[in-house]
Structures are given as C-alpha cells and as structure tokens.
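Just so it is clear: chains get the letters A, B, ... in the order the sequence lines come, proteins before strands, and each one is counted from 1. Just so it is clear, the model here is predicted, and its values are computed rather than measured. Values below: every heavy atom of this structure, side chains too, minus hydrogens, waters and symmetry copies.
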Amino acid sequence: MIRALRVRHRRMAVALALVLPTLVVAALAVRRPIGVVADSNPARGSAGRVVGERQGRYADGSPLSVRLHRDDATAVPALSVSVPSVALFGRPEVLAYWTSAGDGGSVEQGTLLGAVHGDVPLGLPAGVSETPGFLVLYDLAHGEVVATVSLVSSTGRVPGDAP
Amino acid sequence: MSLGYRAVGWNRQKLRYDAVLVGGVVLFLAAFIGIGAIVRPEATVETLWIRGLGTCALFLLHVVLSIGPLARIDQRFLPLLYNRRHLGVATFLVGAAHAGFSLFQFHALGGVDPLVSVLTANPRYGSLGQFPFEVLGLGALGVLFLMAATSHDFWLHNLTAPVWKALHMLVYPAYALLVAHVATGVLQAETDPGLAVLLGLGVLWVVVLHVVAAFGERPLDRERSPDAEDPFVDVCAVDEIPESRARVVTLAGERVAVFRYDGKVSAVSSVCQHQNGPLGEGRVIDGCITCPWHGYQYLPETGASPPPFTERVPTFRVRIEDRRVLVDPRPNPPGTRIEPARIEAAGAHVTTDEFYVGYAPTAPRRLAQRTRRVAIGLLALASVIPVVLAVRQSRFEDGSFEYGTVRGFEGILEARPYPHLLVARPGTPGTGASSWSSWPLVAFGKRGAGEIAAGLDGRPVRLEGELIYRGGRTMFEIVGPGIEPMPPPSGAALLALPRPERQDLGEWTLVGEIVDAKCWLGVMKPGRSKPHRACAARCIAGGIPPLFVVREADGREEAFLLVSSAGGPVHAEVAPLVAEPIEITGRIVRDGDRYALRADPRTYRRVD
C-alpha cells in the first residue's frame with residue numbers, strides 16, 4: 001500500500017475501534033421488550049373456583065388436561081370447562097361440544113359450548129351428570145375431532161355438579 | 001503474473017484455496033440449517049436460509065478482514081492472502097443470496113417495488129433501536145458488490161493500484177454497516193446474550209487486529225532525509241540486510257526497498273505495481289525481486305519485470321561507503337537501469353524462513369503444514385459458530401400455513417371491518433355460544449382480500465384457499481379466483497342463521513405490539529418484532545388486518561383486531577407503529593368469538 005493509504009487505514013482502524021463497540025453497546029442498550037399487562041381478556045375471571053381436573057387424550061394419543069369450574073355466584077350454580085390454550089398451539093380454531101354418549105360423540109348432535117380460547121371457561125349444560133357424555137374438541141377447519149374427554153369422576157358424577 | 005486478461009488464472013494453490021472456501025460455506029450453511037431445523041422445528045425453511053446465509057456472509061467478512069493484518073503481523077499468513085479476492089467475491093455472493101431471500105420474503109408480493117419498500121417501509125430513521133436496519137445491509141451489499149465487480153486484475157490495471165486499493169478500502173465502512181445492520185436488526189429481537197457476545201468478540205477481534213497491524217507499521221513510515229552536504233541518505237549497514245532480502249526505509253514520501261543479492265545492493269520502490277504490495281518484504285528469487293503477495297517479479301537493477309511482462313517500479317541510486325548503504329532519495333523513472341553497488345567482502349547472513357509464491361507448483365513444506373492447520377481451524381470455526389448461532393436463536397411461534405393444500409369452504413362473506421368468512425358451526429349452540437366462526441380472509445402475498453371480496457358483502461359464498469392458523473385462531477388465504485357466490489337457494493340456510501352477537505366489554509388500556517394478522521398467525525417465523533417490522537408494515541398497508549398482540553405476565557397472549565373508533569378498518573395509518581411497544585386505550589368489542597379493539601389510531605402512543 002502507498003503511504004497515503006496506510007495513513008487512511010490507520011485512521012479507519014482507530015475510527016472503527018471507537019465507533020463499532022460503542023454502536024453495539026448502544027444498540028443493545030436501547031432494546032425494549034414489548035411489555036406485559038396484568039389482564040387483557042375481559043372474558044376471563046368469571047369462571048368461579050376450579051373444582052376438578054379431568055384427563056383425556058388427543059386423537060394422536062398425546063395427553064390433554066381440562067379444568068372444571070363452578071360459579072356459585074349465580075342463582076343456579078353453573079359449571080364450566082376450560083382447556084389450557086397451550087394445548088392448542090399449532091391448531092386452527094377448536095370448538096368444544098358436549099355430546100351425550102348416545103350421540104356417539106357426533107358434534108352434529110352435540111351442544112356447542114363455544115370456541116376454545118385463551119383459557120376462557122365454556123359453560124356446560126345444566127345437569128351434565130344426569131346424562132353420560134363427553135367433552136369433544138372439534139377442529140372445524142379440518143373437520144376432525146381432536147380430543148374426547150370424559151368429565152365424570154370415579155364417583156360417577158361430574159365434579160362440582162349438584163347431586 | 002499474466003499477460004492477458006483471463007477470468008481466473010487457475011493454479012493448484014487457487015484450486016485448493018477455493019475448495020476449502022466452498023467447503024467452508026457448505027459446512028456453515030449445512031450446520032446452521034440442519035441444527036436449526038432440529039432444535040427449532042417450528043421454524044420455516046426460508047427463515048433458516050435467510051439467517052444461515054446472513055451469518056455465513058458476516059463470518060466470511062470477518063475472515064476476509066483478518067487476513068490482511070494477520071499477514072502484516074506474521075508473514076506466515078501470506079498464503080491466505082494470495083487468493084483473498086475469491087474469498088471477497090464469495091462473501092458478496094453469500095450476502096447477496098441473503099439479501100435476495102430477505103427482499104423476497106419481507107418486501108416482495110406487496111403493493112410497492114421491493115427495493116422501494118426497503119427504503120420506505122420503516123420510517124424510523126431517527127431511532128437507534130427502530131432504525132431501518134435493512135438500509136444498512138443494502139448499503140454494505142452495495143459496497144461488497146462494487147468490490148466484487150472490480151476484483152479482477154482488469155480493473156486493478158485500468159483503475160491503477162492506488163485508486164483500486166482506495167476503492168477496496170470501502171470494505172471498512174461496509175463492515176461497520178453490517179455490524180450496525182445486525183445490532184439494530186436481529187439483535188433487537190434475539191435477546192440471548194450469547195449472540196451479542198459473539199458479535200462483540202468478532203468486532204473486537206477485527207478492530208484490535210487492524211489497530212495492532214496499522215500502528216505496528218508506523219515506525220517504518222518515519223521519513224529519513226539527507227543532510228545538506230550529501231543528497232544520499234544513510235539507510236543501514238550492509239551487514240544488516242540478509243542475503244536476497246531487503247531493508248525498507250521511507251524516503252521522499254514513500255517506502256524504498258534496499259535489496260542485497262549476489263554481492264550487490266539495489267534499491268527500488270517498495271510498492272508493487274500490481275496491487276501495491278510490500279515488495280520490500282519479498283525475496284530475490286531467480287534473480288528477480290518477488291512480491292510476497294502475488295509473486296510479481298522485478299529485476300533489481302532496472303525495476304522492470306522480466307520480458308514478456310511489462311510492470312515497472314522506480315529505481316534509486318545506491319552506493320556503499322564503509323560498509324554503510326547510502327541511497328539517493330530521488331526516484332528514477334520506473335524501469336530505469338541503475339548500476340547496483342558492489343559489496344567488497346561477502347559474508348551476508350542467510351535467512352532460512354520459507355517464502356510462499358502462490359503460482360509455484362508446491363508450497364514450502366512447513367508453510368504448507370501451517371496453512372493446512374489454519375484452514376482446518378477455519379473449517380472448525382465454520383462448523384462450530386453456526387451451531388452456536390442456531391441453538392441460541394429464540395424459539396419461533398407455533399403458527400402454521402398450509403401452503404399448497406387448497407381447501408374449500410362455504411359461508412357468508414362480510415366485508416367490514418375486514419373481509420372475513422362466517423362459517424356455520426355444527427351442533428346446537430349452548431348458552432352464549434355463537435353459531436359462527438369468523439375467519440379473516442386475505443389474498444396472496446402482502447394483500448388483503450378487499451378487492452376480491454368487493455360486491456359480495458353479506459352474500460353466501462364458496463371459496464378455495466389455504467388455511468393459516470395459530471393457537472386456535474384461523475385465517476384463510478384465497479387462492480386464484482377462489483371465490484364464487486352461492487346461487488339461491490343453496491345459501492338460504494346460511495342466511496337464515498342468526499348473526500354473531502356484538503357485546504361492548506368496556507374501555508381498556510393495553511400495552512402491546514401491532515402485527516399483521518397473516519404473518520403473525522403462521523406465514524412468517526418470526527411474524528413479529530424488529531426483524532419482521534418492514535414486512536408487517538407492508539402487509540398492513542396492503543390491506544391485511546392488523547392485530548394488537550398483548551402479552552400477560554404468565555406468558556399468555558391475546559390478539560385483538562384493530563379497528564377505528566367507529567369500527568372501520570385501519571391500515572396505512574398504523575403501519576409506522578408496528579413492532580414496537582405501543583399503548584392503546586379503546587373499547588374492546590366482542591363479535592361472536594372475535595375480539596376487536598376500537599380506538600382512534602391518532603391516539604396510539606409509543607411507550608418510551
């Protein structure tokens with residue numbers, strides 16, 4: 001290299017030594033997380049107390065756990081069910097149905113509880129213990145049942161349901 | 001040395017050099033993409049390629065920038081310098097592939113030319129954290145292109161070596177741009193400290209090497225001047241110059257190489273005419289001064305390359321008095337024959353260090369062994385670094401895009417606030433359950449479905465397309481013509497069903513991030529945060545519904561459809577606010593199972 005370029009290189013090396021570490025540190029210092037909020041779902045928080053947890057399986061055999069809630073604040077204590085949203089990662093909209101055993105798990109004959117969404121509890125029909133049945137999770141976009149869960153405990157009743 | 005212009009003057013060393021280079025690039029990409037696919041199976045292959053190519057180019061640039069100063073500090077690194085231009089061209093090609101994939105992924109298939117999009121999608125030039133990092137990468141790529149395009153000796157010869165070298169010193173600004181590109185880009189979202197440490201180590205390595213090399217040479221540039229009585233300058237004792245080697249001094253503004261060979265001393269400019277390499281660090285081989293960089297040769301007495309070659313360097317008059325070498329600092333025109341000074345008594349010491357000439361059939365044994373070890377070390381780095389990078393990158397979202405799987409659905413199309421399909425749910429609705437699923441509709445690329453859905457508002461339709469979904473949320477990309485109204489009476493049953501109920505859930509103030517629904521739901525990984533900012537802005541401006549994603553302390557996320565305070569769509573006005581912390585105060589309205597946040601976009605506030 002000719003001398004003028006050597007001088008330029010020397011100056012550039014000093015400039016890079018000063019600028020680059022500063023730039024990297026400054027860029028890392030200004031990183032900001034998006035932030036979190038205490039509660040963002042107005043539909044949450046009205047589920048009442050958790051009275052039970054039932055285990056089931058997805059169609060592919062992987063385990064699924066659902067929670068039963070009882071809300072005593074209403075005139076007639078209401079039962080609801082929630083499905084952890086983590087269970088739905090990687091799935092389209094999943095609808096929850098209550099189907100009686102006699103319907104053979106058909107969602108066409110079942111009672112639509114709603115779309116499973118962010119742990120929001122879905123109200124169960126009154127007297128679910130009186131009619132043997134299942135909670136069915138149905139993937140509408142693919143037209144397939146993704147899980148079936150029995151809500152009945154070893155006592156033969158749905159936990160939290162009125163005797 | 002060559003007489004004519006050839007694309008590449010191949011020889012054994014260059015072939016080996018390039019084989020290692022290609023092997024290293026393949027190894028790097030295979031390690032990053034292979035390990036990335038294993039540890040992050042949710043990642044899309046495009047993302048792995050983009051990241052793999054980008055990190056590979058940055059790694060190559062670190063190698064390129066290390067060779068020069070290493071060779072200055074220790075001449076045993078000179079074999080790496082011999083074919084450095086191929087390394088530079090490879091760096092550009094890998095970087096260009098990274099840019100090409102990124103340009104297509106983040107900027108193409110929208111309403112704006114991709115290159116225009118790079119410059120305009122993110123207007124936050126005044127913010128360091130939100131700076132449009134793509135522009136920095138584009139600038140660096142431009143410089144690398146300029147260097148790659150002019151790397152051939154054709155340009156070196158026609159531009160002249162000083163201009164060519166000055167041009168190629170733009171690699172330092174290009175490196176700075178790339179470091180800034182990474183620091184203000186992917187590192188704004190990837191918070192693993194290991195990644196920042198790796199970049200920091202790379203930067204430190206490069207700047208320390210260059211500072212050490214640059215300042216290590218400084219003493220050599222101290223000028224020696226003649227005294228008033230004698231125009232010749234005393235440069236050294238004869239015995240200080242090893243046989244066939246040179247002593248370098250700075251005279252009249254430039255370095256001069258004083259060579260000792262065969263009982264004679266000659267002085268020529270130390271600046272090789274080929275690439276301005278340090279001739280004074282060369283050696284006299286076969287009677288010719290041989291440049292250590294690329295082996296260009298000059299006769300010591302004339303400074304001219306032996307025929308048929310035509311390069312010439314200035315010569316200097318030399319005399320010896322009392323075994324001291326004296327040089328006239330006034331250069332003679334290049335190629336001027338100057339009689340060498342004779343050394344009366346021989347007895348020079350001979351150096352035994354090996355000297356590398358790239359076009360020689362074989363390299364000296366010890367030098368070849370060392371170069372092999374360095375190459376193996378570089379290949380090891382090219383396999384370890386990508387593994388670290390692949391493992392350290394954060395987890396991607398779980399969304400899915402059923403690209404290529406076309407399905408058909410029937411439902412009622414609603415155009416406001418954004419086109420969506422109401423799909424009837426089977427079964428008997430229980431208390432509070434909606435009979436409808438509401439799936440937002442989008443078109444191919446970064447476009448909403450507004451145009452496709454025009455004139456079909458409220459009508460039963462049958463459409464074809466591909467599903468996009470994440471965490472229970474579903475979207476539908478219409479494919480091709482893909483949509484047709486259902487003739488009566490086939491849609492009558494759908495029209496008879498009650499529409500979803502609307503419920504105002506009150507005013508809320510939330511902090512979160514604006515994303516475009518399509519990418520966030522599964523088309524892109526990641527479909528949020530800084531690296532995806534330009535794409536999200538382009539998608540929202542193109543008509544894709546914006547979502548406001550809010551994260552709760554326990555990790556759960558809610559996504560609200562953003563609408564104006566009157567319930568209408570919002571697009572370009574919110575695009576500049578994507579991918580950064582935003583606070584919105586508005587009313588949450590539930591339509592069936594869909595939650596929307598109604599607020600005037602002018603009241604959205606950046607969270608500082």
Take B:Q130 and A:V30 through the test side-chain contact (heavy atoms from CB on, under 4.5 Å) and record every step on the way to the result.
CA-CA 9 Å; B:Q130 292 299 329; A:V30 298; over 6 Å; no

Output for pair (A:W98 CH2, B:T428 OG1), nearest 0.5 Å, gives 15.0 Å

What part of B:E402 gets closer than 4.5 Å to chain A, counting heavy atoms only: side chain, backbone, both or neither?
side chain

How many angstroms lie between atom NE2 of A:H142 and atom OG1 of B:T474, to the nearest 0.5 angstrom?
8.5 Å

For a side-chain contact (heavy atoms from CB on, under 4.5 Å) check, start with the C-alpha distance between B:Q188 and A:R32, then their side-chain angles and the critical distance, and finish with the verdict.
CA-CA 8 Å; B:Q188 292 298 308; A:R32 282 178 303 165; over 6 Å; no

Atom NE2 of B:H168 and atom CG of A:L5: how far apart are they, to the nearest 0.5 Å?
12.0 Å

Please report the C-alpha distance between A:H117 and B:E558 in whole Å, then the side-chain angles of each, then the deciding distance to 0.1 Å, and finally whether the side-chain hydrogen bond (donor to acceptor under 3.5 Å, both in side chains) criterion is met.
CA-CA 9 Å; A:H117 174 74; B:E558 280 297 334; 3.1 Å; yes

Chain A heavy atoms under 4.5 Å from B:V182: which part of the residue, side chain, backbone, both or neither?
neither

Audit row: B:E552, A:V36, side-chain contact (heavy atoms from CB on, under 4.5 Å) steps and yes/no:
CA-CA 5 Å; B:E552 297 180 4; A:V36 296; 5.9 Å; no

Go through the atoms of B:T191 and report whether side chain, backbone, both or neither lie under 4.5 Å from a heavy atom of chain A.
both

Given that the side chain runs from C-beta out, which part of B:S434 has a heavy atom under 4.5 Å from chain A: side chain, backbone, both or neither?
backbone

Check whether any side-chain N or O of B:Y172 sits under 3.5 Å from a backbone N or O of A:A15 as a donor-acceptor pair, and report yes or no.
no

Quick one: OH on B:Y469 to CG on A:D139, what's the gap to the nearest 0.5 Å?
7.5 Å

Listed by chain and number, what are the salt bridge (charged side-chain N to carboxylate O under 4.0 Å, His left out) partners of A:R8, not counting sequence neighbours?
none

Residue by residue, scan residues 198-206 of chain B and write down, ordered by number, those that have a heavy-atom distance under 4.5 Å to chain A; if none do, write 'none'.
B:L199, B:V203

Nearest heavy-atom pair of A:L112 and B:P426: which atoms, and what distance?
CB-O, 4.3 Å

Which heavy atom of B:A176 sits nearest a heavy atom of A:L16, and at what distance?
CB-CD2, 3.9 Å

Quick check on B:E507: does its CD atom have over 12 non-hydrogen neighbours (other residues, nucleotides or ligands) under 6.0 Å away?
yes

Using non-hydrogen atoms and a 4.5 Å limit, figure out which bit of A:V107 sits close to chain B: side chain, backbone, both or neither.
both

Chain B heavy atoms under 4.5 Å from A:L95: which part of the residue, side chain, backbone, both or neither?
side chain

Any idea which heavy atoms bring A:G114 and B:A433 closest together, and the distance?
N-CB, 4.0 Å

To the closest 0.5 Å, what do you measure between CD1 (A:I34) and CD1 (B:I582)?
8.0 Å

Please enumerate all residues that pass salt bridge (charged side-chain N to carboxylate O under 4.0 Å, His left out) together with B:D221, with sequence neighbours excluded.
A:R6, A:R10, B:R255

With sequence neighbours left out, write down each residue that passes side chain to side chain donor-acceptor pair (under 3.5 Å) with B:R218, or none if nothing qualifies.
none

Do the side chain of B:E254 and the main chain of A:R3 share a donor and acceptor less than 3.5 angstrom apart?
yes

Minimum heavy-atom distance between A:L28 and B:A196, given as atom pair plus value
CD1-CB, 3.6 Å

Please check if the side chain of A:R31 supplies one atom and the backbone of B:L187 the other of a donor-acceptor pair under 3.5 Å.
yes

NZ/NE/NH1/NH2 to OD/OE distance under 4.0 Å, A:E93 and B:R594
no

Looking at B:T184, B:L467, B:T431, which one has more heavy-atom pairs under 4.5 Å with chain A than the rest?
B:L467

Side chain, backbone, both or neither: which part of B:P173 has a non-hydrogen atom closer than 4.5 Å to chain A?
side chain

Do B:H210 and A:H9 make a side-chain contact, defined as non-hydrogen atoms from C-beta onward lying under 4.5 Å apart?
yes

Checking B:F409 against chain A: side chain, backbone, both or neither under 4.5 Å from a heavy atom?
side chain

Between B:R425 and A:E108, is there a side-chain N and carboxylate O pair less than 4.0 Å apart?
no

Start with the C-alpha distance between B:W508 and A:V37, add both sets of side-chain angles, then the distance that settles side-chain contact (heavy atoms from CB on, under 4.5 Å), and finish with yes or no.
CA-CA 11 Å; B:W508 289 64; A:V37 295; over 6 Å; no

Please identify, among B:E223, B:E583, B:E397, the residue contributing the most non-hydrogen atom pairs under 4.5 Å to chain A.
B:E223

With a 4.5 angstrom heavy-atom cut-off, which part of A:A96 approaches chain B: side chain, backbone, both or neither?
neither

Among the options A:T111, A:V24, A:L20, pick out the one with the most heavy-atom pairs lying under 4.5 Å from chain B.
A:L20

